[in-house]
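Chain letters run A, B, ... following the sequence lines, proteins first and then strands; every chain starts at 1. Since the model is a prediction, treat every value here as computed from it, not as a measurement.
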Number of protein chains: 2
Amino acid sequence: MQTLISEALALVGERWSLLVVRELSLGRRRFDEIQAATGAPRAVLADRLRRLTAAGICATRTYQPPGSRSRREYVLTDAGVDLLPLLAAFVDWGERHLGPDAVRDIEYRHLACGGHVTAQLVCECGQLVSPRDQLVAQINP
Amino acid sequence: MQTLISEALALVGERWSLLVVRELSLGRRRFDEIQAATGAPRAVLADRLRRLTAAGICATRTYQPPGSRSRREYVLTDAGVDLLPLLAAFVDWGERHLGPDAVRDIEYRHLACGGHVTAQLVCECGQLVSPRDQLVAQINP
DNA sequence: CAGTATCCGGTGCGATACTG
DNA sequence: CAGTATCGCACCGGATACTG
């Protein structure tokens with residue numbers, strides 16, 4: 001049975017996929033730029049970009065800078081941007097529970113006020129929900 | 001360079017790890033119970049439980065039900081419970097962007113009001129932050 | 001600059017069967 | 001009930017070199 005989590009993991013759970021999304025979210029758009037930042041092997045990176053594109057998480061576009069030859073660039077689609085809460089949740093968890101040897105990848109800030117942004121559980125009633133003592137998990141019927 | 005995201009992915013990015021956490025969050029505690037619910041091969045499941053335990057995400061305990069022999073059970077630690085926003089983010093993303101063929105794994109509800117709970121970006125100023133147009137991502141200095 | 005083409009080693013993972 | 005023990009394949013991923 002394919003569940004949401006297992007399907008989503010199949011798309012972005014591989015080793016480099018989310019790191020590619022992270023780079024794209026930072027505004028890096030070109031192959032070599034992403035390759036250098038992540039250290040992913042070129043063949044693997046090409047494959048991940050293909051899969052992310054096929055999944056509608058990023059889109060590719062060819063453009064022509066004046067005076068040089070055409071280039072290709074990758075940008076996140078809306079579906080890709082919607083992965084940012086997931087990345088933020090990874091970072092938040094890592095910061096709290098991994099040793100200080102791990103480098104903080106990325107910092108999310110609120111455009112309006114510049115404040116630090118984290119991923120939180122929020123109820124439709126508007127309240128923040130602590131996973132420790134205010135949350136109920138149930139199987140979907 | 002080890003970043004928070006890549007380290008966290010190394011711990012819980014494998015195929016069955018987050019599914020095991022999901023089962024534990026539903027209150028399933030025993031090996032066979034988790035095995036049946038996920039369908040993971042027994043050897044793989046044993047390894048994942050070992051790794052999750054070593055990482056401090058779950059803990060194992062032996063207890064003695066009256067009248068039967070001793071059993072072992074697994075429970076999420078606080079670090080494991082702190083993964084639930086991550087799971088919620090997966091579910092939210094999948095529900096929005098995967099086809100209707102995928103089954104919703106799990107439903108999170110607010111203990112106080114019973115309302116539906118989702119993972120959202122929240123600024124320290126208290127406002128919800130849309131990833132589409134209110135978020136700035138920057139590399140950490 | 002943006003990939004492909006090979007080659008190859010490690011291992012994740014599935015299936016099955018066996019123990020305490 | 002809770003795992004180990006084996007086996008084998010597919011595939012991920014690293015290195016290197018080559019093309020448009």
Rounding to a whole Å, what distance do you find between [X]:[atom1] and [N]:[atom2]?
| X | N | atom1 | atom2 | result |
| --- | --- | --- | --- | --- |
| B/Leu49 | D/dG3 | CG | C1' | 10 Å |
| A/Glu73 | C/dA2 | CD | P | 10 Å |
| B/Tyr74 | D/dA2 | OH | P | 8 Å |

From [X] atom [atom1] to [Y] atom [atom2], the distance as rounded to the nearest 0.5 Å:
| X | Y | atom1 | atom2 | result |
| --- | --- | --- | --- | --- |
| A/Ile57 | A/Leu49 | CD1 | CG | 11.5 Å |
| B/Leu86 | A/Leu121 | CG | CG | 10.5 Å |
| A/Leu87 | A/Tyr108 | CG | OH | 4.0 Å |
| A/Glu23 | A/Trp16 | CD | CH2 | 10.5 Å |
| A/Leu83 | B/Phe90 | CG | CZ | 8.5 Å |
| A/Asp78 | B/Arg132 | CG | CZ | 3.5 Å |

Between the two ends of the helix from C/dC1-D/dG20 to C/dG20-D/dC1, what is the bend in degrees, rounded to 10 degrees, where each end axis spans five pairs?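 Taking the rotation axis at each end, their angle is 50°.
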Each nucleotide N or O in nucleotides 11-17 of chain D that has a protein N or O under 3.5 Å away: list the pair and distance.
| residue | atom | partner | partner atom | Å |
| --- | --- | --- | --- | --- |
| D/dG13 | OP2 | A/Arg48 | NH2 | 2.3 |
| D/dG14 | OP1 | A/Arg15 | NH1 | 3.3 |

Please list, by residue number, the residues of residues 27-36 of chain A whose heavy atoms come closer than 4.0 Å to an atom of DNA chain C; answer none if no residue qualifies.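 Within residues 27-36 of chain A, the residues near DNA chain C are A/Arg30, A/Phe31, A/Asp32.
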Output side-chain donor-acceptor pairs under 3.5 Å for residues 110-119 of chain B, partner residues at least two apart or in another chain, one line each.
| residue | atom | partner | partner atom | Å |
| --- | --- | --- | --- | --- |
| B/His116 | ND1 | B/Glu107 | OE2 | 2.7 |
| B/Thr118 | OG1 | B/Gln120 | NE2 | 2.8 |

Can you check whether B/Ser130's main-chain N or O pairs, donor with acceptor, with B/Gln134's side chain at less than 3.5 Å?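 Indeed, once roles are kept as given, a pair shorter than 3.5 Å links the two residues.
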Between D/dA2, D/dG3, C/dC1, spot the one nearest the side chain of A/Arg71, thanks.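 The nucleotide sitting nearest to the side chain is C/dC1.
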Donor-acceptor pairs under 3.5 angstrom involving side-chain atoms of residues 32-46 of chain A: please list them, not counting sequence neighbours.
| residue | atom | partner | partner atom | Å |
| --- | --- | --- | --- | --- |
| A/Asp32 | OD1 | A/Arg42 | NH2 | 3.0 |
| A/Glu33 | OE1 | A/Arg29 | N | 3.2 |
| A/Glu33 | OE1 | A/Arg30 | N | 3.1 |
| A/Gln35 | NE2 | A/Ala40 | O | 2.8 |
| A/Thr38 | OG1 | A/Ile34 | O | 2.9 |
| A/Thr38 | OG1 | A/Ala40 | N | 3.2 |

Per-pair distances, 0.1 Å, donor-acceptor, side chain in residues 97-106 of chain A, under 3.5 Å, sequence neighbours excluded:
| residue | atom | partner | partner atom | Å |
| --- | --- | --- | --- | --- |
| A/His97 | NE2 | B/Asp82 | OD2 | 2.7 |
| A/Arg104 | NE | A/Ile106 | O | 3.0 |
| A/Arg104 | NH1 | A/Glu95 | OE1 | 2.4 |
| A/Arg104 | NH1 | A/Glu95 | OE2 | 2.6 |
| A/Asp105 | OD1 | B/Leu4 | N | 2.9 |
| A/Asp105 | OD1 | B/Ile5 | N | 3.0 |
| A/Asp105 | OD2 | A/Arg22 | NH1 | 2.5 |
| A/Asp105 | OD2 | B/Thr3 | OG1 | 2.6 |
| A/Asp105 | OD2 | B/Ile5 | N | 3.4 |

